[in-house]
2 protein chains.
Amino acid sequence: MRERSETKARMDLLDRKILIELQDDASQSLDDIARKVGSSKTPVWNRIRKLKDAGVIRRQTVVLDPAAVGLDTCFFVLIRTSEHEAGWQQRFLAALQSRPEVLEAHRLAGEIDYIVKLRVSDARAYDAFYQALIAEVKIYNVTALLSMEELKSTTILPV
Amino acid sequence: MRERSETKARMDLLDRKILIELQDDASQSLDDIARKVGSSKTPVWNRIRKLKDAGVIRRQTVVLDPAAVGLDTCFFVLIRTSEHEAGWQQRFLAALQSRPEVLEAHRLAGEIDYIVKLRVSDARAYDAFYQALIAEVKIYNVTALLSMEELKSTTILPV
DNA sequence: ATTGAAAAATTATCAGG
DNA sequence: CCTGATAATTTTTCAAT
């Protein structure tokens with residue numbers, strides 16, 4: 001349950017079938033999973049343990065309805081900066097990590113340097129994030145894209 | 001375990017604590033969760049069932065390491081269209097839904113109409129998606145943003 | 001590496017306050 | 001709505017193949 005495999009793990013068809021089932025519903029019993037993937041309890045149990053140990057399975061979690069917990073508003077923020085020293089990036093990263101409304105952040109290739117995905121209660125909460133961010137690190141240009149409708153959202157990777 | 005609550009659910013502090021624990025680690029036992037949130041097994045169990053029934057908890061799943069399953073490459077695709085009839089949007093939506101490499105898709109306010117997040121094995125797989133998409137629906141302008149580094153990625157909502 | 005069984009732990013139910 | 005006990009199910013271990 002520990003390693004972060006930077007490289008592709010060796011997996012056979014049975015492993016993939018198990019991952020499909022677990023991604024679909026991690027609350028299923030071993031018996032159910034074993035039946036669906038055409039195997040039996042012990043091998044499935046051993047393989048799940050291996051997939052966790054190898055870091056293929058990172059965590060087991062529940063997915064919440066954002067609206068039900070008051071996080072109706074989703075922004076994608078495109079960020080350009082003129083600063084590229086280590087110190088700047090470190091402070092920027094720390095700011096993103098410390099803010100729970102930041103669900104995702106990527107460093108990009110090309111003209112736009114970063115994209116950040118936010119879930120907040122309303123536009124005011126976005127502005128609070130924005131003000132706090134520019135107070136902490138110097139930013140050249142920001143474009144906020146406001147989601148009007150979530151057409152698709154899944155955590156399921158096509159294994 | 002059924003309703004999709006479009007509106008914010010009534011929840012007290014204990015419910016929130018339970019959601020924090022489940023989001024952090026859904027494989028914990030009821031006893032562990034009960035101890036951490038300062039309650040006991042039965043109330044925690046009843047509340048979890050209610051949170052599922054109310055649709056606050058949508059699903060229980062495992063989060064995989066994308067690199068470990070060979071999905072090293074992440075793109076955000078910004079899409080502009082000139083078509084805005086119902087038929088076009090329906091075909092576009094169907095195309096996104098049917099493609100497992102599309103993990104997220106939003107309709108946006110402003111100049112850019114849609115943003116789509118993709119996980120693929122390499123740039124060739126992105127191009128295959130792009131070619132298939134423009135074969136199915138007419139698109140005015142596409143900008144693909146390639147992620148060089150995932151700085152943050154979480155499914156945990158700050159409840 | 002899988003089978004089948006047995007032990008340990010956990011989840012789900014329920015009577016009573 | 002909570003406490004504590006009980007029943008049902010599931011997870012985990014293990015000897016044998």
Side-chain angles (χ1 to χ4, degrees), chain A residues 1-3 5 7-65 68-70 155-156 159, chain B residues 1-5 7-65 68-70 155-157 159:
Chain A
M1 250 138 154
R2 293 290 85 90
E3 299 305 313
S5 81
T7 178
K8 192 172 175 180
R10 263 193 298 98
M11 280 189 288
D12 65 9
L13 182 61
L14 182 53
D15 289 320
R16 290 176 193 284
K17 284 181 178 174
I18 291 169
L19 291 178
I20 289 169
E21 288 305 323
L22 286 177
Q23 289 191 101
D24 181 52
D25 179 4
S27 74
Q28 292 178 94
S29 74
L30 278 175
D31 265 331
D32 287 342
I33 295 171
R35 195 171 30 75
K36 289 185 191 170
V37 304
S39 182
S40 53
K41 240 181 336 193
T42 309
V44 171
W45 191 84
N46 283 322
R47 279 155 180 271
I48 291 174
R49 195 169 46 73
K50 272 188 192 159
L51 290 164
K52 285 178 179 169
D53 287 346
V56 178
I57 297 173
R58 281 186 178 166
R59 42 209 304 283
Q60 184 164 330
T61 191
V62 293
V63 178
L64 306 186
D65 178 354
V69 297
T155 58
I156 297 177
V159 293
Chain B
M1 247 137 152
R2 293 292 83 91
E3 298 307 310
R4 173 91 343 126
S5 80
T7 179
K8 192 171 176 179
R10 265 194 296 98
M11 280 190 288
D12 65 9
L13 182 60
L14 182 53
D15 289 321
R16 290 176 193 283
K17 284 182 177 174
I18 291 168
L19 291 178
I20 289 169
E21 288 305 322
L22 286 177
Q23 288 191 100
D24 181 53
D25 179 4
S27 73
Q28 294 178 93
S29 73
L30 278 175
D31 265 330
D32 287 343
I33 295 171
R35 195 169 30 75
K36 289 185 190 168
V37 303
S39 182
S40 53
K41 241 179 340 187
T42 309
V44 171
W45 190 85
N46 283 322
R47 280 155 181 270
I48 291 174
R49 194 169 47 75
K50 272 188 192 160
L51 290 164
K52 285 179 178 170
D53 287 346
V56 178
I57 297 174
R58 280 187 178 166
R59 42 209 304 283
Q60 184 165 329
T61 190
V62 293
V63 178
L64 306 186
D65 178 354
V69 297
T155 58
I156 298 179
L157 300 181
V159 294

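These numbers were taken from a predicted model, which means no experiment stands behind them. Lettering of chains follows the sequences in order, A, B, ..., and the numbering in each one begins at 1. Below, all heavy atoms of this structure are taken into account, side chains as well, without hydrogens, waters or symmetry copies.
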>> Please report the distance, rounded to the nearest Å, between CZ in R49(B) and C1' in dC1(D).
In response: 13 Å
> Roughly, in whole Å, what's the span from CD1 in I48(A) to P in dT10(D)?
Replying inline: 14 Å
> Sequence neighbours excluded, which residues qualify as side-chain hydrogen bond (donor to acceptor under 3.5 Å, both in side chains) partners of R47(B)?
Replying inline: D12(B), D15(B)
Tabulated below should be each protein N or O lying under 3.5 Å from an N or O of nucleotides 4-6 of chain D; please produce it.
residue, atom, partner, partner atom, Å
dG4(D), O6, T42(B), OG1, 2.7

>> Please classify the nucleic acid contact of L30(A) as base, sugar-phosphate, or nothing, using heavy-atom distances under 4.0 Å.
In response: base
> What are the two closest heavy atoms between I18(A) and V37(A), and how far apart are they?
Replying inline: N-CG1, 4.0 Å
>> With side chain to side chain contact (heavy atoms under 4.5 Å, CB included) as the test, pick out the partner of I48(A) among D53(A), L19(A), L22(A).
In response: L22(A)
> Heavy atom of residues 11-23 of chain B under 4.0 Å from DNA chain D: which residues?
Replying inline: none
>> Just to verify, what does D25(A) make a side-chain hydrogen bond (donor to acceptor under 3.5 Å, both in side chains) with, not counting sequence neighbours?
In response: S27(A)
> From the 5' end of DNA chain C to its 3' end, which nucleotides mark the outer limits of contact with chain A, defined by a 4.0 Å heavy-atom distance cut-off (strictly under)?
Replying inline: dA1(C) to dG4(C)
>> Among residues at least two apart in sequence or on other chains, which ones pass side-chain hydrogen bond (donor to acceptor under 3.5 Å, both in side chains) with R35(B)?
In response: D32(B)
> What's the shortest heavy-atom distance between I156(A) and D24(A), and which atoms?
Replying inline: CD1-CA, 4.5 Å
> What residues form a salt bridge (Lys or Arg N to Asp or Glu O under 4.0 Å) with K50(A), not counting sequence neighbours?
Replying inline: none
>> Checking T61(B) now: which residues fulfil side-chain contact (heavy atoms from CB on, under 4.5 Å) with it, not counting sequence neighbours?
In response: Q23(A), T61(A), V63(A), T155(A), R59(B)
> Can you name the residues that form a side-chain hydrogen bond (donor to acceptor under 3.5 Å, both in side chains) with Q60(B), not counting sequence neighbours?
Replying inline: none
>> For a quick test of reading the model, state the closest non-hydrogen atom pair linking V56(A) to M11(A) and the distance between them.
In response: CG1-SD, 4.3 Å
>> Whole angstroms only, please: what is the CH2-P distance between W45(B) and dA7(D)?
In response: 17 Å
